[in-house]
Number of protein chains: 2
Amino acid sequence: MRIGELAKATGTKAETIRYYERENILPAADRTDSNYRDYSDDHLATLTFVRRARELGFSMAQVRELLALSDHDDKPCQDVDQLVQRQMVEVERKIADLSALRDELGQMLRSCRADKIGECRIVESLARPLPPRCA
Amino acid sequence: MRIGELAKATGTKAETIRYYERENILPAADRTDSNYRDYSDDHLATLTFVRRARELGFSMAQVRELLALSDHDDKPCQDVDQLVQRQMVEVERKIADLSALRDELGQMLRSCRADKIGECRIVESLARPLPPRCA
DNA sequence: ATGCACCTTGTAGCAACTACAAGGTCAAGA
DNA sequence: TCTTGACCTTGTAGTTGCTACAAGGTGCAT
């Protein structure tokens, strides 16, 4: 599949795809006889993953780490384990935060439906004190 | 509370706080006699919210919208309702994606514990086809 | 043969910070 | 009293992760 097709399928600009290739986020595609990039389904899956992860607030560095986990066949389990655990903590936190936010949004919808103004606690939903940044 | 204290409490650089003030993300703080910014607990809550929302992948524009919902006392419920619904859809999607990612990470941990190499499906966890971008 | 998708390199813009520098004020401790 | 460190201002410039162009060229379908 060519770059335009991949771009459309993933909602990514062709230029961004080339940028990811330059940055080694996406492996270089095969080339056709006419030097067009020729993407596989693996590329499609990886790019979809990258875009999702970025939307979820992971940095490029974190995306790289996550992608590296895919290739973990060649690395000892202990190393992977630690990395996965760290990611896990972060993912769980994000889920908890988003759930709180979702609940609050639901609350707002219900009170709006009832046409009651009601207290807006949307800020409070995410405002419990941040845990001290770990060193 | 002064800027340094607020910075520490929220894990934000003082310069970023001043930046948020310039950008009207955070309301300007009161000033002490000596012209130091003097923050309230409301500022603390708002800034914590902003940082969390940013970590969760919301853009500044979206954060502005979410913050605006807090002041919805003065706006008709219908307007708020629509906005909340849109945010809700996005939040739900993020939760679903993160849950898939979490499950996959859990899977990896378990197979690592068993010291089996096991298939890594981490990319697949977020790689189901993206829904066509709505216009 | 015209137009569109692709190729390259390069430059420059945007968003959301982050990091200085220069020059000044304020307040607590040795 | 003097120094140190946190704060103040304005301003400039760097970083990340794209995004947008320009210029000049190739491939290919209608």
Side-chain angles (χ1 to χ4, degrees), chain A residues 1-40 43-44 46-68 90 94 126 130 133, chain B residues 1-40 43-44 46-68 90 94 126 130 133:
Chain A
M1 113 198 290
R2 300 201 308 196
I3 202 167
E5 211 180 328
L6 180 63
K8 206 164 196 176
T10 57
T12 312
K13 304 278 155 70
E15 278 165 324
T16 305
I17 298 175
R18 289 189 278 254
Y19 166 76
Y20 284 157
E21 187 180 308
R22 275 200 305 286
E23 296 292 311
N24 299 312
I25 287 289
L26 220 67
D30 289 345
R31 296 300 181 116
T32 64
D33 289 351
S34 42
N35 203 31
Y36 286 5
R37 286 170 181 84
D38 186 20
Y39 293 98
S40 67
H43 284 101
L44 174 59
T46 304
L47 181 55
T48 306
F49 174 85
V50 170
R51 296 259 93 193
R52 282 248 168 72
R54 297 282 303 122
E55 268 185 50
L56 294 172
F58 292 96
S59 68
M60 292 285 269
Q62 287 174 314
V63 171
R64 263 179 241 273
E65 283 194 2
L66 288 168
L67 285 175
E90 174 139 8
K94 285 181 192 230
L126 291 189
L130 291 161
R133 295 269 134 205
Chain B
M1 112 200 290
R2 299 200 309 197
I3 201 167
E5 211 179 328
L6 181 63
K8 206 162 196 178
T10 58
T12 312
K13 304 277 156 70
E15 278 164 325
T16 305
I17 298 175
R18 289 189 279 256
Y19 166 76
Y20 285 157
E21 187 180 306
R22 278 201 304 287
E23 296 292 311
N24 298 314
I25 288 287
L26 220 73
D30 290 345
R31 296 300 181 115
T32 64
D33 290 350
S34 42
N35 202 31
Y36 285 7
R37 285 171 181 84
D38 187 18
Y39 293 98
S40 67
H43 283 101
L44 174 59
T46 304
L47 181 55
T48 306
F49 175 85
V50 170
R51 295 260 93 193
R52 282 247 168 71
R54 297 282 301 121
E55 268 185 49
L56 295 171
F58 294 96
S59 68
M60 292 285 269
Q62 288 174 312
V63 171
R64 265 180 239 274
E65 282 193 4
L66 288 168
L67 285 175
E90 174 137 9
K94 284 181 192 234
L126 291 189
L130 290 161
R133 296 270 134 202

Within the pair A:Lys13 and D:dC18, is there a side-chain N or O less than 4.0 Å away from OP1 or OP2? no

Does A:Tyr39 have any side chain to side chain donor-acceptor pair (under 3.5 Å) partners at least two apart in sequence or in another chain, and if so, which? none

Residues passing the side-chain contact (heavy atoms from CB on, under 4.5 Å) test with A:Glu23, sequence neighbours excluded, are A:Tyr19, A:Ile25, A:Arg64

Output a table of nitrogen or oxygen pairs between the protein and nucleotides 20-24 of chain C separated by less than 3.5 Å.
{"residue": "C:dC20", "atom": "N4", "partner": "B:Glu15", "partner atom": "OE2", "Å": "2.8"}

If the condition is side chain to side chain donor-acceptor pair (under 3.5 Å), which residues does B:Tyr36 pass it with, not counting sequence neighbours? none

Can you check whether A:Leu26's main-chain N or O pairs, donor with acceptor, with A:His43's side chain at less than 3.5 Å? no

From B:Leu47 CG over to B:Glu21 CD, what is the distance, rounded to the nearest 0.5 angstrom? 11.5 Å

Please state how far atom CE in B:Met1 lies from atom P in D:dC7, giving the value in whole angstrom units. 11 Å

Only one of B:Leu66, B:Thr10, B:Leu44 passes side chain to side chain contact (heavy atoms under 4.5 Å, CB included) with B:Phe49; say which it is. B:Leu66

Could you tell me how far apart A:Asn35 (CG) and D:dG25 (C1') are, to the nearest whole angstrom? 11 Å

Salt bridge (Lys or Arg N to Asp or Glu O under 4.0 Å) filter on B:Arg54, not counting sequence neighbours, yields none

How long is the line joining CZ of B:Arg37 and P of C:dT25, in whole Å? 17 Å

Does B:Arg18 have any side-chain contact (heavy atoms from CB on, under 4.5 Å) partners at least two apart in sequence or in another chain, and if so, which? B:Ile3, B:Ala14, B:Glu15, B:Arg22, B:Arg37

Using atom CG of B:Leu56 as one end and atom P of C:dA16 as the other, report the distance to the nearest whole Å. 15 Å

Report yes if at least one side-chain N or O of A:Arg18 is closer than 4.0 Å to OP1 or OP2 of C:dC7; otherwise report no. yes

What protein N or O atoms touch nucleotides 12-17 of chain D N or O atoms at under 3.5 angstrom, if any, and at what distances?
{"residue": "D:dG17", "atom": "OP1", "partner": "A:Met60", "partner atom": "N", "Å": "3.0"}
{"residue": "D:dG17", "atom": "O3'", "partner": "A:Arg54", "partner atom": "NH2", "Å": "3.0"}

For a quick test of reading the model: is some side-chain N or O of A:Thr16 closer than 4.0 Å to OP1 or OP2 of D:dC18? no

Residues that A:Asp38 engages under side-chain contact (heavy atoms from CB on, under 4.5 Å), provided they are two or more places apart: A:Asp30, A:Thr32

From CG of A:Leu6 over to C1' of C:dC6, roughly how many Å is that when rounded to an integer? 14 Å

Interatomic distance, B:Lys8 NZ vs D:dC7 P [rounded to whole Å]: 10 Å

When rounded to whole Å, the CG to C1' distance for the pair B:Asp33 and C:dC26 reads 11 Å

For atom CZ of B:Arg31 and atom C1' of D:dC7, their distance in whole Å: 10 Å

